[in-house]
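Structure, as structure tokens:
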Amino acid sequence: MLGLVAAFEISLRLTPFPTALEVPPPASTEFLDREGRPLRTLLAEERRFARHCQLAEVSPHLVAATLSAEDKRFRSHCGVDVLAAGRALLSIARGPTSGASTITQQIVKLARPGPRTFARKLSEVWLALRVERSWSKDRILVEYLNRLDYGDLETGIAAASRYYFAKPASDLSAAEAAFLAGLPKAPSRLNPNVNFTGAQDRQRWVLRRMAADGRLDATALARAIEEPIKLASREREFAAPHFVDLLLGRRGLVTPRGGALRTTLDLELNRVAEQSLAANLRRLTDKHATSGAVVVIHNPSGDVLALAGSGDYFQAGAGQINGAWMVRSPGSALKPFTYLLALENGANPSTVVADVPTEFATPDGIYRPNNYNHRFHGPVSLRFALGNSLNVAAIRTLELAGGPEALQRTLRNLGITTLDHPADYYGLGLTLGNGEVRLLELANAFATLGRLGVYRPYRLLLRDAGTRAPGRRVFEAGAAFLIADMLADNSARAASFGLNSWLSFDFPVACKTGTSSDYRDNWTVGYTPEFTVAVWVGNPDGTPMRGITGVTGAAPVMHEIFEHLRGHFGTSWFEPPAPIASYRIDPLTGRLAPVDRPGAVTEKCLRPPESPQPADYDAAGRVRLPAVYGEWLASPQNHLGNLAVAGESSPELRVVQPEPGSIYYLDGDLPADSQSIALRAEARGEVRWSCASLAFMDSASGPRAQLREGQHTILARDAATGREAVTWITVKRW
């Protein structure tokens, strides 16, 4: 006898464990917001909704109901219920042996689906004994509950509880637990959304079994039978659809095993963004504005808190096009980065540039930009020029910033992935928005400004927190602070936008708008230290809107969302970093104002401005402006009256060498630092040379530029007249 027992045990232990039970069944991929609120659930294996849980996450009522319904002696048998099996054998002649399979046998059957033959049943009995030798009762029970079919595509008690009662399995009452425990008996026939009466009859049978097994007393039984069963809405979660779609487009994010993905999204904030965008688009119906997009980023972390890709995801034709990821022309929304580079290159917000009709020489010919209202303002500070989004002034500032190459390099360094042509393809128009960007990437570039020059990638999943690299400084903190100060200056932009536009707040917000050609795109971006809000309004097919700009099309949404953020989370402002200081400035020269000079303004600067020069003023106290202002001063647009006069006419600044478009070759046999070209120009005064990508050196014959491979824009500035000229070269390897 002992030999038979030993042989039995040895045979059982040598039996391979069911491979299908060694790995948990695939679960649905669940997208959750940052607080765990559901956004969307995907079908596991494209055929069912499945969710896993631990036994501690299941209501004791559900455990009791399941044991009474399926296997009341589960805790005491060894995998086979001998008493139940005996009753089943005695009733073979009367029909199927229902009730004979234990939970352990059923879990084997769930893992090994197939035809119900006698041999297969014997195999299930043997494997059930094998499972009991390896797993605890609690392990068997939770694996069983995670694999059960509860009808209507729901697999597992966690999925069923969420679907039928909109609550976790831990919160089920005795009545709800018995209702769910009864469904696996016949999940299709007892589907409560089709056969509620049948499901409820089965529930009451389970409740009576629980009472008979001592798992419910008489009072609890009566209360459970009387408790009304209220099924949750059959609508499945489908929130933040463009955000989830963006995640689904990322390769490798959704794995075959499924599971929950906690995202960075704030569902409530996303709903505010969606509602604000939809309401704004309804107001713009007569302007042929059919779509829009919103992105909200938490600047300290880079978390994307909200992303709405259209006014209505279910709108026929264009609703599912994600405007936050679409590539479009940003208009003037890129200008702040040009001005920031100029500040880093030595300019101040007080630096004056000429906003006058100008022809710029480019590789493609003469470029004649205009301001949006065809009005020119003469000598303007960088603060005024940025605030009023002046185009000619922006191009002059681009020259101070190092040219299109420097701007393109900076934008790429900020995560803008769409500017993939050479810099000369965009030319001077890059600062005016003739390239194309994505709203999400543009928002994250502005979030870098919100961190005072520290870049970090935007984040869509909270799980990425532990793998994030530290932020990377890309701008001087002082220069980034001044850009924020300039963009938050409502008075500085009043000439173009007025004092009561949608860019005006009762608290500081740095704002910039953009409008592409023919009113095809409206953009507005605003930021504080805590948040960046970016909005696009337009048509996915690129057709023009009717006469709306960034300040009238996109800005109302940005304004409304920032008011919500202020009210619910609070906002602050930046402390000026060293060495920011304030100076008394003559607004027409950009230099320090003489002590007795009227009309001076106070300006924050990154470095001390230039001292006043004797040639700045004539005997009558008028400002002597360079000759480039002559035609403007004589035009009806001159608003300075007798405050300024054009300086004497002087020869045009002309770059003699290198000529525009020259190509040079590096000789591989010579040291790199010995290969340079001479720089020569005709000018009234001393010529000052600058280039963002080449180093300069002095020689006995004059200044020289040290060559390196690539395309380079070189700026010459006449110190006597303030005039500037640009040339460009290409350097290749021989």
Side-chain angles (χ1 to χ4, degrees), residues 34 243 246 263-266 269-270 273 293-308 323-325 330 333-341 407 410-419 437-462 464-465 468-477 479-488 503 505 507-514 523-536 554-555 557-559 561-562 564-566 569-575 577:
R34 63 191 303 111
F243 180 85
L246 186 63
T263 72
T264 61
L265 192 92
D266 183 319
L269 178 60
N270 202 75
V294 177
V295 172
V296 181
I297 292 178
H298 178 246
N299 293 337
S301 64
D303 289 356
V304 176
L305 299 180
L307 188 151
W325 196 243
L334 292 182
K335 286 178 181 175
F337 303 101
T338 296
Y339 284 77
L340 197 155
L341 290 177
L407 178 57
T410 295
L411 293 172
R412 285 177 169 177
N413 204 26
L414 291 171
I416 303 293
T417 62
T418 51
L419 300 174
V437 301
R438 294 185 171 101
L439 181 69
L440 177 55
E441 293 180 346
L442 180 66
N444 198 51
F446 273 87
T448 301
L449 304 183
R451 292 185 286 268
L452 290 187
V454 175
Y455 170 80
R456 66 172 73 253
Y458 62 83
R459 187 171 62 157
L460 303 176
L461 293 175
L462 286 180
D464 295 337
R468 290 177 62 82
R472 169 170 50 87
R473 179 160 291 285
V474 294
F475 298 124
E476 298 175 32
F481 167 82
L482 289 175
I483 290 296
D485 187 75
M486 293 157 71
L487 292 176
L503 306 180
F505 291 87
F507 53 96
V509 179
C511 306
K512 186 69 189 79
T513 64
W523 308 73
T524 300
V525 186
Y527 65 93
T528 65
E530 296 79 17
F531 304 104
T532 294
V533 179
V535 182
W536 167 80
V557 179
M558 183 275 297
H559 189 104
I561 293 174
F562 249 118
H564 175 87
L565 292 170
R566 172 78 167 182
F569 303 102
T571 62
S572 63
W573 195 240
F574 306 97
E575 291 295 328

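What's counted below: heavy atoms across the whole structure, side chains too, no hydrogens, waters or symmetry copies.
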**Asked** Can you check whether Y339 reaches L487 side chain to side chain, under 4.5 Å on heavy atoms?
**Response** no
**Prompt:** Got D303 and L462 here, is their nearest side-chain heavy-atom distance under 4.5 Å?
**Reply:** yes
**Message:** With rounding to the nearest 0.5 angstrom, report the CG to CZ distance, L461 to R34.
**Reply:** 11.5 Å
**Request:** On the 0 to 90° scale, with breaks at 30° and 60°, tag the F505-F562 ring pair as parallel, tilted or perpendicular.
**Result:** perpendicular
**Request:** Compare all side-chain heavy atoms of F337 with those of I483 and state whether any distance is below 4.5 angstrom.
**Result:** no
**Prompt:** CG/L440 to CG/L460 distance, rounded to the nearest 0.5 angstrom?
**Reply:** 6.5 Å
**Message:** Using 0.5 Å steps for rounding, measure from the CG atom of L334 to the CG atom of L419.
**Reply:** 7.0 Å
**Request:** For the pair R473 (side chain) and F475 (backbone), establish whether a donor and an acceptor sit closer than 3.5 Å, ignoring hydrogens and angles.
**Result:** yes
**Request:** Looking only at non-hydrogen atoms, find the nearest pair between W523 and A333 and report the distance.
**Result:** CB-CB, 4.3 Å
**Asked** Which pair of heavy atoms, one from A445 and one from I416, lies closest together, and at what distance?
**Response** CB-CD1, 4.4 Å
**Message:** Checking the side chain of T264 only, and the main-chain atoms of V304 only, is there a donor and an acceptor separated by less than 3.5 Å?
**Reply:** yes
**Message:** Quick check for you: to the nearest 0.5 Å, what is the distance between T410 atom OG1 and L340 atom CG?
**Reply:** 8.5 Å
**Complete:** In this structure, CD1 of I297 is separated from CD of E530 (nearest 0.5 Å) by 14.5 Å
**Message:** Within the 4.5 Å heavy-atom criterion, are Y455 and N413 side-chain neighbours or not?
**Reply:** no
**Request:** Provide the closest heavy-atom pair for R459 versus S301 in the form atom of the first, atom of the second, distance.
**Result:** NH2-CB, 4.1 Å
**Fill in**
What one should report as the nearest heavy-atom pair of N299 and G450 is ND2-CA, 3.9 Å
**Prompt:** How many angstroms lie between atom CZ of F569 and atom NE2 of H564, to the nearest 0.5 angstrom?
**Reply:** 5.5 Å
**Message:** For A484 versus Y527, what's the shortest heavy-atom pair and its separation?
**Reply:** CA-OH, 3.4 Å
**Request:** Could you give me the CA-CA distance, side-chain angles and deciding distance for V525 and T532, then say whether side chain to side chain contact (heavy atoms under 4.5 Å, CB included) is met?
**Result:** CA-CA 7 Å; V525 186; T532 294; 3.9 Å; yes
**Prompt:** So, does R438 use its side chain to make a donor-acceptor pair with the main chain of W325 at under 3.5 Å?
**Reply:** yes
**Request:** Without swapping roles, check the side chain of R566 against the backbone of T571 for a donor-acceptor pair under 3.5 Å.
**Result:** yes
**Item:** Least distance between heavy atoms, L439 atom then A534 atom
**Value:** CD1-CB, 3.6 Å
**Asked** So, N444 side chain and R456 main chain: donor-acceptor pair closer than 3.5 Å or not?
**Response** yes
**Prompt:** Any side-chain heavy-atom pair from W536 and L442 closer than 4.5 angstrom?
**Reply:** no
**Message:** Could you check whether any side-chain N or O of D266 sits under 3.5 Å from a backbone N or O of A306, counting only pairs where one atom can act as donor and the other as acceptor?
**Reply:** no
**Item:** pair V533-V509: side-chain heavy atoms closer than 4.5 Å
**Value:** no
**Prompt:** Is there a side chain to side chain contact (heavy atoms under 4.5 Å, CB included) between L305 and F531 once you walk through the steps?
**Reply:** CA-CA 9 Å; L305 299 180; F531 304 104; 3.8 Å; yes
**Prompt:** Does some side-chain heavy atom of T524 sit less than 4.5 Å from a side-chain heavy atom of H559?
**Reply:** no
**Message:** Using side-chain heavy atoms (C-beta onward) and a distance below 4.5 Å, is F446 in contact with L414?
**Reply:** no
